[in-house]
Q: 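Can you read through this structure? Questions will come right after.
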Amino acid sequence: MPNPFENGYQPKEIEAHWQGYWKEHQTFRVNENSEKPKYYCLEMFPYPSGRIHMGHVRVYAIGDLIARFKTMRGFALLHPMGWDAFGLPAENAAIKQKVPPAEWTLKNIAAMRAQLGKLGLSYDWDREVTTCLPDYYRWNQWLFIKMFERGLAYQKEGTVNWCPSCETVLANEQVIDGECWRCSSQVVQKRLNQWFLKITDYAEELLSSAETLTGWPERVLLMQKNWIGKSSGLEVHFPLDDRPNESLTIFTTRPDTLLGVTFLCIAPEHPLLLPLIAGKDQENAVLSFIEKIKQQDKTVSTSLTVEKEGLFTGAYAIHPLTHEKIPIFTANFVLMEYGTGIIMAVPAHDQRDFEFATKYNLPIRLVIQNKAQSLVLPLSEAFVESDGVLVSSNIFTGLDPDAAKKAICRYVEKEGLGQEKIYYRLRDWGISRQRYWGTPIPMIYCETCGVVPVPLSNLPVLLPSDIPFSGKGVSPLLQSPSFIKVDCPKCQKPARRETDTMDTFFDSSWYFLRYVSPHETGNPFDPNQAAKWLPVTQYIGGIEHAILHLLYARFFTKVIADLGLTQIREPFLNLLTQGMVIKDNAKMSKSKGNVVDPDHLINEYGADTTRVFSLFAAPPEKDLVWSDEGVQGASRFLTRVCKMVYEQVPPACSSQEPVRGEVVINASSGTKAIYRMTQRTIKRVTEDTEKFCFNTAISGLMEFYNFLSHEIGNRSVEEKDDLTYQRVLRDAMEKLVVLISPFAPHLGEALWAHLGHLPSISQISWPVYDPAWTESETVEVVVQVNGKIKTKFIEAAGTDEEVLKKTALSDPKVITAIGNLPIKKIFVIKSQLINIVV
RNA sequence: GCCGGAGUGGCGGAAUAGGCAGACGCAAGGGACUUAAAAUCCCUCGCGCUUAGGCGCGUGCCGGUUCGAUUCCGGCCUCCGGCACCA
């Protein structure tokens with residue numbers, strides 16, 4: 001075992017030694033038979049890009065601290081690691097470097113596993129999960145077929161987001177400001193036949209059960225809530241004027257404005273538009289308008305800044321309440337994908353309708369008057385608020401809008417003119433990708449039998465390796481005849497395989513379940529083990545997954561529960577979203593050229609220093625500003641602790657009795673102070689770490705070190721001979737080492753061994769403090785006159801209020817400040833402050 | 001536009017059931033040790049004035065509640081994030 005301070009603090013040697021020890025002794029292997037309460041600590045698994053970056057260091061340092069802390073606090077830990085190993089970069093590498101994606105990926109995994117090893121992370125590597133291996137992705141296929149059987153996976157032709165650079169489809173969640181989330185290319189719209197997962201079936205539950213996620217950051221829940229976008233309203237049928245048996249159905253969230261309708265608008269791509277214009281004078285004009293809108297880029301045409309335009313269709317509808325003739329328009333601002341694709345336009349009370357009506361000179365009818373009764377036509381903008389009173393609204397006149405909503409809904413439903421309805425903004429999740437390096441979608445197209453799933457017993461559908469990677473043209477799997485050709489499982493006639501692969505977010509939507517039994521062969525996971533470990537107690541990852549991964553994982557968890565494999569309906573009990581690593585005012589990234597290489601840091605300062613710095617520099621959920629000097633500060637701290645424990649630790653005492661309050665009760669005040677400080681530090685570090693305030697926990701450790709170092713420095717030789725002092729000081733140092741160990745685990749082990757204990761420090765119990773000794777013996781009392789500080793004095797803790805008052809009033813500075821003004825009142829805050837009001 | 005979050009020294013950040021603003025660290029300045037440098041150790045460190053005892057100001061801005069406000073309330077400003085023609 002290396003001597004931790006023979007030649008100064010030598011992190012390299014210490015760390016290599018203890019990493020070897022942990023590996024050899026399987027220190028972090030999950031104990032399946034433990035009676036302790038379970039704790040599942042999970043960090044989002046990385047994409048194996050080849051090298052770890054500071055963002056990885058940060059998230060894994062946080063996760064590892066929590067795992068080690070919770071282990072010492074008496075929990076049985078599941079703390080696994082794996083690889084989100086499918087994805088486009090592997091394919092790009094194949095095109096550029098002519099390396100097969102599998103080879104490239106597995107090489108990267110090996111390199112990154114070694115890097116994580118050098119950080120000393122406490123994973124059970126026996127549970128490693130790699131999504132690109134058949135023993136994992138076969139269960140993607142299995143889950144897909146189960147979803148297909150339940151109608152949760154279905155095919156539809158539709159307009160999809162297409163990234164021309166990645167040459168693949170993107171989910172709505174993967175389009176950021178009209179750009180590809182991965183490569184920032186402009187996304188275009190394309191019509192394709194695609195596989196979708198029916199996440200919308202779970203919209204309501206995703207919304208309502210989010211309320212139970214009290215361990216999640218509020219803002220993540222809010223983002224998901226907005227993304228799901230529930231709105232309740234009313235559908236109303238408007239019969240056509242020339243075909244009274246047919247009608248157009250609109251959706252509105254403002255039924256109170258139903259009497260203010262002056263026209264209807266239908267989306268240009270709506271299938272009902274063509275029969276509407278057939279044979280009308282306007283037919284040709286409308287057709288060319290439809291063509292024009294089709295040509296437009298969707299992300300541009302749906303932007304708010306585009307001017308509203310539209311056209312009269314020549315057709316009229318009949319208002320179901322007033323029986324007036326209402327002209328029907330088609331307009332670019334009406335979305336086909338939301339609601340019924342047809343809206344009722346109320347220009348007086350909707351800004352978009354107002355702009356349209358103003359532009360085309362359409363009538364505006366005021367049906368809600370504001371509180372001040374000050375609205376008069378013509379309006380300068382729509383009155384959209386919901387406080388006021390209904391006017392010109394037939395039998396509903398005089399009601400306030402809220403009451404009117406209810407009354408009109410009731411009336412419409414009773415008369416059979418429509419029904420109340422809820423719509424969601426959330427769309428189904430398109431998972432087809434025209435790429436190679438992903439899970440093959442296990443479907444077969446047969447001319448006789450149609451779309452047939454691969455029988456479960458034939459899984460996995462393996463990715464073929466006879467693919468030329470040109471980087472051009474069609475889906476790579478189309479170029480593998482051996483893959484495409486298959487016999488129909490039903491009729492045995494020649495058929496053709498689906499050549500699209502799955503979105504890699506499919507892989508990561510359930511990997512946390514695979515960890516509970518990663519070698520299971522009969523099921524995606526062992527339901528008994530899942531029942532034992534799930535839900536994940538603490539999940540840690542970046543805020544960038546607030547919607548994408550976290551929503552998909554919640555959806556999968558509900559589907560898997562409905563398949564009867566688990567009882568849980570939410571996967572992650574507590575969520576910590578850590579901030580980014582920033583340097584020179586920008587997120588660290590290769591493209592910005594501001595990266596700090598973790599390998600270099602570990603070589604230069606050691607893993608412990610790197611970890612302590614990243615935990616100390618900022619609270620976990622905030623961005624961390626990189627500072628080279630800050631790393632040196634962390635290094636200095638660990639060096640000092642190492643030096644002190646190595647050089648100053650008193651010899652072990654023969655007494656077996658642990659150091660408790662009774663031991664120090666008659667000791668010198670200095671010895672008592674050390675004991676008090678030890679108790680106080682245990683309390684502080686425990687509480688701060690529980691609250692995930694790692695930066696202040698480390699501050700507490702630093703203060704403890706500073707205190708001990710001064711104590712030792714100020715002690716005379718005779719005092720150092722005192723046996724109680726030695727016992728208490730040794731106990732303090734032992735506690736310091738134990739408390740520091742989850743933050744700087746290698747140093748913890750080294751010093752623990754130096755103190756004469758057997759490894760591993762990671763397996764010992766977290767210290768408990770004595771509450772009677774966490775408070776200081778004396779307190780400093782602040783004296784204010786009229787809220788301004790005049791003086792301070794030291795008093796024994798718990799001194800009587802009257803005594804405090806007397807002491808304060810007899811202070812010369814206070815007497816001067818009061819002068820001969822009469823005292824009105826004296827506020828005394830126990831053991832803290834006295835405020836004399838004159 | 002709508003919905004969130006945040007504004008504290010030169011910097012990262014502490015402190016809020018209302019009670020000493022700036023813990024801890026970094027940087028900076030001074031000193032000790034050293035032939036010298038690095039490392040290490042000690043001291044100073046919000047701003048302004050000062051007769052060296054103090055005095056005034058200070059947590060984005062303006063107001064309010066209070067003996068007392070970084071903390072609570074009202075109104076603004078700025079920055080960051082999410083959504084965005086969702087009817």
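Residue numbers start from 1 in every chain, and the chains themselves are labelled A, B, ... in the order their sequence lines are given, proteins ahead of strands. Everything numeric in this text was worked out from a predicted model, so none of it was measured.
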Q: Using a 4.0 Å heavy-atom cut-off, does A:Lys421 contact any base of the nucleic acid, only the sugar-phosphate backbone, or nothing at all?
A: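 Answer is nothing: A:Lys421 stays at 4.0 Å or more from every strand.
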Q: Please output the side-chain donor-acceptor pairs of residues 776-791 of chain A that fall under 3.5 Å, not counting sequence neighbours, one pair per line with the distance.
A:
| from | atom 1 | to | atom 2 | distance (Å) |
| --- | --- | --- | --- | --- |
| A:Ser776 | OG | A:Thr778 | N | 3.4 |
| A:Ser776 | OG | A:Thr778 | O | 3.0 |
| A:Asn786 | OD1 | A:Val838 | N | 3.0 |

Q: Go through B:rC85, B:rC20, B:rC24 for me and flag the one nearest to the A:Phe333 side chain.
A: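 Among B:rC85, B:rC20, B:rC24, the one nearest the side chain of A:Phe333 is B:rC85.
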Q: Looking at every non-hydrogen atom in both residues, tell me the closest pair between A:Leu379 and A:Ala348 and how far apart they are.
A: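 For A:Leu379 versus A:Ala348, the nearest heavy atoms are CD1-O, 3.9 Å.
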Q: Which is it for A:Asp256 and A:Arg254 under the salt bridge (charged side-chain N to carboxylate O under 4.0 Å, His left out) test, yes or no, and what are the steps along the way?
A: CA-CA 5 Å; A:Asp256 49 321; A:Arg254 290 293 303 272; 3.0 Å; yes
Q: Which residues pass the salt bridge (charged side-chain N to carboxylate O under 4.0 Å, His left out) test with A:Lys230, not counting sequence neighbours?
A: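 So A:Lys230 forms a salt bridge (charged side-chain N to carboxylate O under 4.0 Å, His left out) with A:Glu204.
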Q: Of the listed nucleotides (B:rG13, B:rG25, B:rC83), which one gets closest to any side-chain atom of A:Arg425?
A: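 From the listed options, B:rC83 comes nearest.
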Q: If the C1' atom of B:rG5 is compared with that of B:rG9, how far apart are they to the nearest Å?
A: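 Straight-line distance between the two C1' atoms is 24 Å.
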Q: Can you run through RNA chain B from 5' to 3' and write each base as (, ), [, ], | or . depending on how it pairs? Watson-Crick or G-U wobble, both distances under 3.5 Å.
A: (((((((..(((......[....))).(((((.......))))).((((....))))..(((((..]....))))))))))))....
Q: Under 4.0 Å, counting only non-hydrogen atoms across every strand here, what does A:Val334 touch: a base, just sugar-phosphate, or nothing?
A: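 Base, at least one base atom sits under 4.0 Å.
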Q: Please classify the nucleic acid contact of A:Gly633 as base, sugar-phosphate, or nothing, using heavy-atom distances under 4.0 Å.
A: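 A:Gly633: backbone/sugar contact only, no base atoms under 4.0 Å.
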Q: So what does A:Gln784 hit on the nucleic acid, given a heavy-atom distance under 4.0 Å: a base, only sugar-phosphate, or nothing?
A: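 A:Gln784: base contact, heavy atoms under 4.0 Å.
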Q: Whether A:Lys805 and A:Glu801 form a salt bridge (side-chain N of Lys/Arg under 4.0 Å from carboxylate O of Asp/Glu) is what I want to check.
A: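 Looking at A:Lys805 together with A:Glu801, the answer is no, because their closest N to O distance does not fall below 4.0 Å.
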Q: So what does A:Leu833 touch, heavy atoms closer than 4.0 Å: a base, only the sugar-phosphate, or nothing?
A: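 Base contact.
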Q: Give the C-alpha distance, both sets of side-chain angles, the deciding distance and a yes or no for ring-ring contact (aromatic ring centres under 6.0 Å, His included) between A:Trp429 and A:Phe196.
A: CA-CA 5 Å; A:Trp429 172 17; A:Phe196 286 84; over 10 Å; no
Q: Which is it for A:Phe694 and A:Phe692 under the ring-ring contact (aromatic ring centres under 6.0 Å, His included) test, yes or no, and what are the steps along the way?
A: CA-CA 5 Å; A:Phe694 309 130; A:Phe692 297 165; 5.6 Å; yes
Q: Taking the C1' atom in each of B:rU78 and B:rC20, what is the distance between them to the nearest angstrom?
A: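 One C1' to the other, the span is 31 Å.
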Q: If you look only at pairs with a residue in residues 615-641 of chain A, which of them pass as a salt bridge (charged side-chain N to carboxylate O under 4.0 Å, His left out), with sequence neighbours excluded?
A: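 Counting only pairs at least two positions apart or across chains, no salt bridge (charged side-chain N to carboxylate O under 4.0 Å, His left out) contact touches residues 615-641 of chain A.
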Q: Using a 4.0 Å heavy-atom cut-off across all strands, classify A:Asp623 as base, sugar-phosphate, or nothing.
A: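 Sugar-phosphate: the residue A:Asp623, judged by heavy atoms under 4.0 Å, touches backbone atoms but no base.
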Q: Quick one: which of B:rC85, B:rG4, B:rC20 gets closest to the side chain of A:Arg219?
A: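 That would be B:rG4.
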Q: Mind checking the P distance from B:rU51 to B:rU44? Whole angstroms is fine.
A: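 Going atom to atom, P in each nucleotide, I get 23 Å.
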Q: Produce a footprint string for nucleotides 37-52 of chain B: one letter per nucleotide, 5' end first; B if the base is under 4.0 Å from any protein heavy atom, S if only the sugar-phosphate is, - if neither.
A: ---SSS----------
Q: Under 3.5 Å, is there a donor-acceptor pair between the side chain of A:Arg365 and the main chain of A:Pro347?
A: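 No, because the side chain of A:Arg365 does not come within donor-acceptor range (under 3.5 Å) of the backbone of A:Pro347.
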Q: If you look at every strand shown and take non-hydrogen atoms under 4.0 Å, does A:Asp353 touch a base, only sugar-phosphate, or nothing?
A: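 Nothing, no nucleic acid heavy atom in range.
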Q: Would you find more than 12 non-hydrogen atoms of other residues, nucleotides or ligands less than 6.0 Å from A:Lys359 atom NZ?
A: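 For A:Lys359, atom NZ is crowded (more than 12 foreign heavy atoms under 6.0 Å).
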Q: From B:rA87, B:rC24, B:rA15, pick the nucleotide closest to the side chain of A:Tyr338?
A: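 The closest nucleotide is B:rA87.
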Q: Under 4.0 Å, heavy atom to any atom of RNA chain B: which of residues 222-232 of chain A qualify?
A: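 Output list: A:Leu222, A:Met223, A:Trp227, A:Ser231.
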Q: Can you check the distance between B:rC43 and B:rC76, where both ends of the measurement are the P atom (answer in whole Å)?
A: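 My reading of the P atoms in B:rC43 and B:rC76 gives 50 Å.
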Q: Provide the full list of salt bridge (charged side-chain N to carboxylate O under 4.0 Å, His left out) pairs with a residue in residues 696-709 of chain A, sequence neighbours left out, each pair given once.
A: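 Every salt bridge (charged side-chain N to carboxylate O under 4.0 Å, His left out) pair that includes a residue of residues 696-709 of chain A, provided the two are not neighbours, is A:Arg684-A:Glu703.
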Q: Expressed as a whole number of Å, how far does the P atom of B:rG12 sit from that of B:rC62?
A: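 My reading of the P atoms in B:rG12 and B:rC62 gives 23 Å.
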Q: Can you find a pair of side-chain heavy atoms, one from A:Leu170 and one from A:Cys180, that are under 4.5 Å apart?
A: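 Answer yes - side chains close enough.
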Q: Base, sugar-phosphate or nothing for A:Lys622? Non-hydrogen atoms, less than 4.0 Å.
A: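 Sugar-phosphate: the residue A:Lys622, judged by heavy atoms under 4.0 Å, touches backbone atoms but no base.
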Q: For A:Tyr424 and A:Trp227: C-alpha separation, side-chain torsions, deciding distance, then whether ring-ring contact (aromatic ring centres under 6.0 Å, His included) applies.
A: CA-CA 9 Å; A:Tyr424 299 90; A:Trp227 186 261; over 10 Å; no
Q: Using the C1' atom in both, what is the distance from B:rU71 to B:rA14, to the nearest Å?
A: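 Each nucleotide's C1' atom is 14 Å from the other's.
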Q: Considering only B:rG19, B:rA14, B:rC83, which nucleotide approaches the side chain of A:Asn835 most closely?
A: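 Nearest to the side-chain atoms of A:Asn835, counting from C-beta on, is B:rG19.
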Q: Starting at the 5' end of RNA chain B and moving along, which residue's nearest nucleotide shows up first, A:Arg254 or A:Ile698?
A: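 The answer here is A:Ile698.
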Q: At a heavy-atom distance below 4.0 Å, what parts of residues 612-619 of chain A sit against RNA chain B?
A: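 Of all residues in residues 612-619 of chain A, the ones placing a heavy atom under 4.0 Å from RNA chain B are A:Phe616, A:Ala617, A:Pro619.
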Q: Taking only N/O atoms, report every protein-nucleotides 56-58 of chain B pair under 3.5 Å with atom names and distance.
A:
none

Q: Identify, between A:Ile342 and A:Leu624, the residue whose nearest nucleotide on RNA chain B lies closer to the 5' end.
A: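 On the 5' side of the pair lies A:Leu624.
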Q: Keeping A:Gln419 on the side-chain end and A:Glu413 on the backbone end, is there a donor-acceptor pair under 3.5 Å?
A: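 Answer holds: no.
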Q: Quick one: which of B:rA87, B:rC20, B:rC26 gets closest to the side chain of A:Lys792?
A: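 Nearest nucleotide to the side chain: B:rC20.
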Q: According to side chain to side chain donor-acceptor pair (under 3.5 Å), does anything in residues 608-617 of chain A pair up with another residue at least two apart or in another chain? List the pairs.
A: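 Side chain to side chain donor-acceptor pair (under 3.5 Å) check on residues 608-617 of chain A returns A:Asp64-A:Arg611, A:Asp608-A:His746.
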Q: Can you list every pair that meets salt bridge (charged side-chain N to carboxylate O under 4.0 Å, His left out) and has a residue in residues 542-552 of chain A, with sequence neighbours left out?
A: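 Sorted pair list comes back empty.
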Q: Roughly how many Å is it from CD1 in A:Ile789 to P in B:rC67, rounded to a whole number?
A: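 A:Ile789 atom CD1 is separated from B:rC67 atom P by 19 Å.
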Q: Closer than 3.5 angstrom, by distance alone: can the side chain of A:Arg676 be matched with the main-chain N or O of A:Glu775 as a donor-acceptor pair?
A: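 Looks like yes, one N/O pair under 3.5 Å.
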Q: Going by the angle between their ring planes, with limits at 30° and 60°, are A:His549 and A:His545 parallel, tilted or perpendicular?
A: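 Plane angle over 60°, so perpendicular.
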Q: Can you tell which of B:rC85, B:rG13, B:rG19 lies closest to the side chain of A:Asn695?
A: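 So the nucleotide nearest the side chain must be B:rG13.
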Q: Figure out the CD/C1' separation between A:Gln832 and B:rG19, and round it to whole Å.
A: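 Going from CD in A:Gln832 over to C1' in B:rG19 covers 6 Å.
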Q: Measure distances between side-chain N and O atoms of A:Lys308 and base N and O atoms of B:rC85, and say whether any donor-acceptor pair falls under 3.5 Å.
A: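 Result: at least one qualifying N/O pair found.
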Q: NA contact type, A:Asp350, heavy-atom cut-off 4.0 Å: base, sugar-phosphate, or nothing?
A: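 Result for A:Asp350 = nothing.
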Q: Sorted by first residue and then second, give each ring pair (Phe, Tyr, Trp, His ring centres under 6.0 Å) pair with at least one member in residues 248-269 of chain A; sequence neighbours left out.
A: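 Output for this query lists A:Phe251-A:Tyr423, A:Phe263-A:Phe329, A:Phe263-A:Phe356.
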